[in-house]
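Keep in mind that this is a model prediction, so the values were computed, not measured. Counting starts at 1 for both ligands and their atoms, following the listed order. Basis for what follows: all heavy atoms, side chains included, without hydrogens, waters or symmetry-related copies.
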Amino acid sequence: MLRRVSPLSKLISAAKPSLLNQVACGLNFLEAFSTDALKPAEAGIMPKARTPTINFVLGGPGVGKGTRIAETFGFTHLSVGDLLRKEISSNTEYGAMILETITKGKIVASEVTVNLLKTAIESSETDRFLIDGFPRSEENRVAYEQIIGIEPEVVLFFDCDEEEMVKRILHRNQGRVDDNLDTTKERLRVFEAYTLPVIRYYSQKGKLHKINAIGTEDEIFERVRPIFST
Ligand SMILES: Nc1ncnc2c1ncn2[C@@H]1O[C@H](COP(=O)(O)OP(=O)(O)OP(=O)(O)O)[C@@H](O)[C@H]1O
Ligand SMILES: O=c1ccn([C@@H]2O[C@H](COP(=O)(O)O)[C@@H](O)[C@H]2O)c(=O)[nH]1
Ligand SMILES: [Mg+2]
C-alpha cells in the first residue's frame, strides 16, 4: 500500500528548486495509487488502480544482478545504474555530477535516484518491477520510503566472494567508466559500509533471500526460481 508521508522537509531543504518540483510531482504519483484515488473504483465508477509490485535485487559490484534475472522471471528490469548512465549520455543537468560520482565509485544523492526511479515506475505500462542495485544505503532506503513508499515484496541478495566479483567486472567489456580495479575496490568498500546495513535491515524484516551467486547463470536462476514461484 502506498503511503503519503508528510515530512518531506528534510529532503526538500537539501534539494535544488528544480528538484523540488520533481519531489512535488512525487505526490501526484502517490495520489494515483493512494486510498483516495481508489475511492471511485470502489464505487464501481472506474477500474481499480493496482499498486505496483516491487522487488529489489542487491549485491556487490559485478555479482550478476543485471544478468537475465528480471527477464527470466517476468519483471520489468529497473537498473538504477542504467537510469543514471542515461542521464549522463543525455547530458541532463545532473549528468556531470553523476559521471563524477560513478567514476569515483560513490553513491549519487538519494533525491536524484529516487526521482529517476519514481519517473520510471510511473511511466511504465507494467506493474511488476525488479529494481536492481537500489537501495544502496540506509539513506537511499529512507528516501525511497518517503517519496515512493511501496514496500518491496522480495529482496534478493546475490552473494559472492570479492575475487569472483572483480573477475566478472574486469571481463565485462561494456566500456563502463567504473569497470577498472581502483573504482571496483572503492565500490566494494562502499558496498560493505553502506549497502550491507540495508541488507541487514531487510533480513530483520524477513524479506531477504540470500542467493549463492557462484555458479553458472542457469544454476543461479534455479536458486531464485522457488522464491518467485510461490
Ligand atoms: N553466474 C555468472 N558467472 C559468470 N559470469 C557472470 C555470471 N553472471 C553474470 N556474469 C557476468 O558478470 C558480469 C557482471 O554481471 P552484471 O553486469 O549482471 O553484474 P551487476 O551485479 O549488475 O554489476 P554492477 O553492479 O556493476 O552493475 C557480466 O559480464 C555478466 O555477463
Ligand atoms: O542507486 C544507485 C545505483 C547506482 N549508483 C551509482 O551507479 C554506479 C553503477 O551502478 P550499477 O547498479 O552497478 O550499475 C554505482 O557504483 C554508483 O556510483 C548510485 O549511486 N545509486
Ligand atoms: Mg548492473
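- Salt bridge E186/K106: present, at least one basic N to carboxylate O contact under 4.0 Å.
- In this structure, H77 NE2 and T67 OG1 are separated by 8.5 Å, a value rounded to the nearest 0.5 Å.
- With hydrogens and angles ignored, the 3.5 Å screen pairs a side-chain donor or acceptor of E219 with a backbone N or O of T216.
- For ligand 2, the atoms closer than 4.0 angstrom to any heavy atom of D178 are 9 (C).
- For atom 25 (O) of ligand 1, the closest heavy atom belonging to the protein is K65 NZ, 2.7 Å.
- Of the protein's non-hydrogen atoms, E217 CG, 3.9 Å is the one closest to atom 8 (N) of ligand 1.
- Heavy-atom proximity to G133, at under 4.0 Å, picks out these atoms of ligand 2: 1 (O), 2 (C), 3 (C).
- In this structure, S89 contributes its side chain and K86 its backbone to a donor-acceptor pair below 3.5 Å.
- Of all protein heavy atoms, the one lying nearest to atom 22 (O) of ligand 1 is G66 N, 3.2 Å.
- At a 3.5 angstrom cut-off on N or O pairs, V63 counts as close to ligand 1.
- Summarising the geometry, atom OG1 belonging to T76 is positioned 10.0 Å from atom CD1 belonging to I121; distances are rounded to the nearest 0.5 Å.
- Two rings, from Y144 and F56, have their centers less than 6.0 Å apart.
- Ligand 1 has no nitrogen or oxygen under 3.5 angstrom from a nitrogen or oxygen of I220.
- Here the protein heavy atom with the shortest distance to atom 19 (O) of ligand 1 is G64 N, 3.2 Å.
- With hydrogens left out, the protein atom closest to atom 18 (O) of ligand 2 is K106 O, 2.5 Å, a heavy atom.
- Scanning the protein for heavy atoms near atom 12 (O) of ligand 2, the closest one is R136 NH1, 3.0 Å.
- Closest heavy-atom approach to atom 15 (O) of ligand 1 among the candidates T183, V57, T67, N173: T67.
- Residue-level proximity to ligand 1 for I214 is absent, since no heavy atom of it falls below 4.0 angstrom.
- For the pair G62 and ligand 1, a heavy-atom separation below 4.0 Å is found.
- Ligand 1 lies less than 4.0 angstrom from a heavy atom belonging to R176.
- K167 has no carboxylate O lying under 4.0 Å from a charged side-chain N of E163, or vice versa, which leaves the two without a salt bridge.
- One finds a salt bridge joining R68 and E217 here, because a Lys/Arg side-chain nitrogen approaches an Asp/Glu carboxylate oxygen to under 4.0 Å.
- Heavy-atom separations between R187 and ligand 1 include at least one value shorter than 4.0 Å.
- Looking only at distances, a side-chain donor or acceptor of T183 sits under 3.5 Å from a matching main-chain atom of T103.
- A salt bridge links E151 with K205: the distance from a Lys NZ or Arg NE/NH1/NH2 to an Asp or Glu carboxylate oxygen falls below 4.0 Å.
- With ring centers used as reference points, F157 lies 6.0 Å or more from Y202.
- Numbered from 1 in the order shown, with element, the atoms of ligand 1 that lie under 4.0 Å from a heavy atom of T216 read 1 (N).
- The distance criterion of under 3.5 Å between nitrogen or oxygen atoms is met by G215 with respect to ligand 1.
- Residue contact check: V80 has heavy atoms under 4.0 Å from atoms 1 (O), 2 (C), 3 (C) of ligand 2.
- Set against the non-hydrogen atoms of R176, the atoms of ligand 2 under 4.0 Å away are 9 (C), 11 (P), 13 (O), 14 (O).
- Annotation: cation-pi pair R225/F73 absent, no NZ/CZ under 6.0 Å from the ring centroid and within 45° of its normal.
- With hydrogens left out, the protein atom closest to atom 20 (O) of ligand 2 is V108 N, 2.6 Å, a heavy atom.
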Going through the distances and angles, do K185 and D182 end up as a salt bridge (Lys or Arg N to Asp or Glu O under 4.0 Å)? CA-CA 5 Å; K185 281 185 184 161; D182 282 349; 5.0 Å; no
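- On a distance-only criterion, R85 and ligand 2 share at least one N/O pair closer than 3.5 Å.
- Distances below 4.0 Å separate heavy atoms of I107 from the following atoms of ligand 2: 20 (O).
- Nearest to atom 6 (C) of ligand 1 by heavy-atom distance, out of R172, R168, M165, is R168.
- Within the structure, the closest approach of G133 to ligand 1 does not fall below 4.0 Å when heavy atoms are considered.
- The shortest contact between atom 16 (O) of ligand 2 and any protein heavy atom is with R187 NE, 3.1 Å.
- In terms of modelled atom types and a separation under 3.5 Å, the side chain of T195 and the main chain of S137 share no donor-acceptor contact.
- With distances taken over non-hydrogen atoms, the option nearest atom 5 (N) of ligand 2 out of D82, L84, D132 is L84.
- Residue H171 does not touch ligand 1, judged by heavy-atom distances below 4.0 Å.
- Under the side chain to side chain contact (heavy atoms under 4.5 Å, CB included) test applied with F75, the options L130, I131, V57, D132 reduce to a single match, L130.
- Scanning all heavy atoms of the two residues, the minimum distance from A120 to L78 falls at CB-CD2, 3.8 Å.
- Checking T195, V190, V114, I102 against atom 7 (O) of ligand 2, the nearest heavy atom belongs to I102.
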